[in-house]
Amino acid sequence: MRFSKMFIPTLREAPADAEAISHILMLRAGYVRQLAAGLYIFLPLGLRVLGKINAVLKEEMEAIGAQEISMPILHPAEIWQQTGRWDIIGGEMFRLKDRTERDFCLGMTHEEIMTWLASREIRSYRDLPQVWYQIQTKLRDEARPKSGVLRTREFTMKDSYSFDATDEGLEKNYQLHAEAYHRIFNRCGLKFLQVESDPGMMGGGYSHEFMAPSPAGEDVVALCEGCGYSANVELALSTPVPNAAVDWSYEEVHTPDKRTVKEVSHFLKIDPSYFIKSILVMSETGPVLALVRGDQELHEKKLSKVIGAHRPAQKTEVKEILGVEAGFIGPMGHTLRIIADPCLKEGLFLTGANKQHYHIKGVKADRDFTAAWHDIHNAKAGDLCEKCRKPLRAEKVIEIGNIFKLGTKYSSALKAVFLDENGQEKPIIMGSYGIGPARIAASAIEQNNDKDGIIWPRSIAPFDLELIPLNMNDPKTVETAEQLYKDLKAAGYDVLMDDREERAGVKFKDADLIGIPTQIIVGEKTLKEGLVEIKDRKTKETARVKVEEVLEKING
RNA sequence: CGGGGCGUAGCGCAGUUUGGUAGCGCGCACGGUUCGGGACCGUGAAGUCGGAGGUUCAAAUCCUCUCGCCCCGACCA
């Protein structure tokens with residue numbers, strides 16, 4: 001491809017409303033343009049990158065026996081109503097009516113439609129297993145689109161679905177996908193982690209996420225260097241570092257107007273890790289008191305798993321229910337439901353006295369209060385691994401893929417059943433598996449860039465080589481570049497030749513910004529010695545080679 | 001949905017406090033000189049100041065409403 005013929009609108013300055021590095025660089029290097037919040041146009045370079053990624057996805061999916069199909073993105077409401085998600089999912093689903101007022105939605109994922117197809121076509125265990133996939137547009141009315149192409153309202157996803165007769169079959173397809181995902185992300189040049197995750201709305205019981213470490217990430221994972229345990233902090237188990245034992249007797253302490261852990265801690269000169277933080281929340285079945293250690297934070301999602309949907313109590317509710325102002329609450333002497341974090345089980349603590357302006361020192365679990373014990377604190381760096389007791393590390397990550405064991409949630413709802421060897425009717429056992437190509441591209445940029453621009457991993461770069469004739473007015477330069485262009489293309493390389501009538505500096509700057517991994521520089525002076533330069537975008541190392549040896553050098 | 005910020009030429013911004021002829025840099029067009037890390041000189045085109053309403057002799061500037069975009073949080077197949 002000739003640069004002069006390709007639409008590559010590079011920008012000298014970054015648009016003001018871009019923050020994430022990948023977002024800034026994709027805009028500056030002419031890969032994407034924004035249409036509206038969460039809606040992006042992929043320009044020629046950007047589309048080439050997606051094409052490369054999709055090619056890897058297809059190869060690896062075919063390699064595990066998945067078959068490509070294509071599903072509509074406009075879905076009749078009935079199917080979503082049958083699985084219940086029409087009502088469960090809120091504003092995130094785009095809904096519309098056709099001219100006869102029939103309800104439709106735009107597909108945010110395709111479990112329903114895939115299962116519908118299976119329900120119509122699969123009859124016997126002999127038809128199983130099946131693995132179907134597509135690379136298809138999804139639409140979600142995101143509450144907050146952000147970070148360029150990392151969180152958008154319209155995006156493509158490689159989604160595959162496995163259909164099995166047995167749990168063993170599902171396990172096999174799940175593992176095959178996990179392995180394929182490892183190959184895919186490795187081939188795309190990403191650093192990534194596989195972590196345990198929360199299945200959330202997908203239902204089913206078991207899932208993993210694939211995460212690319214990056215400061216632009218929205219998720220946080222907890223990692224153990226010791227045993228390799230890794231999980232999304234939404235469900236990561238951890239033990240806060242135990243504090244040294246103290247020898248307190250049960251006594252009331254006067255703490256005038258000291259309400260927060262910080263205030264009381266400062267006032268009494270006692271570390272927050274000796275505090276019990278009591279948080280009143282309102283669940284659907286009534287008020288619940290949640291207890292975490294003073295230096296820990298309550299994790300709403302973990303608590304939800306125990307008590308269901310809930311919200312923090314208002315100040316007036318605290319007063320009404322506990323008879324004391326927030327800030328002086330303690331777990332002693334209440335009859336309401338108490339959920340406590342296990343790190344409070346051992347040792348003596350300080351907590352509110354249920355009396356204005358007083359706290360109590362020397363509170364002991366099971367003696368002074370009773371509670372149901374559940375891990376409800378937010379796992380954080382420095383906590384100890386639940387499995388091996390080594391300190392955990394926390395890392396910000398971009399979710400680039402996920403795999404779910406769905407079980408029979410969708411097949412049961414949509415009556416996707418088969419007859420087994422004994423003529424018994426059974427629901428198909430399903431799994432679903434997603435990867436976001438645009439997130440792979442953005443993650444690759446997040447992980448591979450420098451002050452000059454993008455440094456693409458070879459496998460997903462828009463071109464293999466950028467050929468840069470510096471002076472288009474020098475006939476020898478042009479002649480040499482044209483010959484190299486022909487030869488390299490004939491050898492199977494994707495080559496971008498910067499044939500523009502631009503100064504050398506402009507071409508260098510644009511080449512670095514665009515980030516094609518290898519540059520071949522044809523300069524007037526070096527050419528007089530029969531040489532051109534081959535420059536590595538990442539290391540900036542330059543090798544001078546004879547013109548006739550370029551192909552050999554590139555191949556090597 | 002809550003909190004914060006920002007909408008002025010294609011991009012980056014100044015001008016708004018204190019109302020009085022709409023500016024700068026980059027980019028773009030043309031001419032010339034340059035030509036290995038975003039050249040220089042000259043000339044020029046380009047803006048409903050996000051939109052609507054109001055106050056005023058006069059509004060980018062003050063008031064009201066509204067739309068959009070970004071960030072933090074909530075939410076998130």
For B:rU21 versus B:rA59, give the span between their C1' atoms, rounded off to a whole number of Å. 14 Å
Pairing partner of B:rU64 (Watson-Crick or G-U wobble, both distances under 3.5 Å): B:rA52
Identity of whatever pairs with B:rC1 - Watson-Crick or G-U, under 3.5 angstrom: B:rG73
Name the pairs: protein N/O against N/O of nucleotides 24-26 of chain B, kept only if under 3.5 Å.
{"residue": "B:rG25", "atom": "N2", "partner": "A:Glu13", "partner atom": "OE1", "Å": "3.2"}
{"residue": "B:rC26", "atom": "O2'", "partner": "A:Arg12", "partner atom": "NE", "Å": "3.3"}

In whole Å, measure the gap between the C1' atoms of B:rG54 and B:rA14 for me. 28 Å
What does B:rC28 pair with, Watson-Crick or G-U, if both distances are under 3.5 Å? B:rG44
If you look only at pairs with a residue in residues 430-448 of chain A, which of them pass as a salt bridge (charged side-chain N to carboxylate O under 4.0 Å, His left out), with sequence neighbours excluded? none
Any donor-acceptor N or O pair under 3.5 Å, side chains A:Gln82, A:Trp80: no
Strand partner of B:rU34, provided both Watson-Crick or wobble distances fall under 3.5 Å: none
With heavy atoms under 4.0 Å as the rule, sort A:Thr477 into base, sugar-phosphate or nothing. nothing
Listed partners of A:Lys146 passing salt bridge (charged side-chain N to carboxylate O under 4.0 Å, His left out), at least two apart: A:Glu218
Applying side chain to side chain contact (heavy atoms under 4.5 Å, CB included) to A:Asn232 and not counting sequence neighbours gives A:Glu209, A:Met211, A:Asp219, A:Glu234
Taking the same atom, C1', in B:rG36 and in B:rG42, what whole-Å distance lies between them? 27 Å
State which residues pass ring pair (Phe, Tyr, Trp, His ring centres under 6.0 Å) with A:Phe155; sequence neighbours excluded, sorted by chain then number. none
By ring pair (Phe, Tyr, Trp, His ring centres under 6.0 Å), which residues pair with A:Phe210, not counting sequence neighbours? A:Tyr181, A:His182, A:Phe185
Look at all strands and tell whether A:Lys146 reaches a base, only sugar-phosphate, or nothing, counting heavy atoms closer than 4.0 Å. sugar-phosphate
What is the base-pairing partner of B:rG20, counting Watson-Crick and G-U wobble geometry with both distances under 3.5 Å? B:rC57
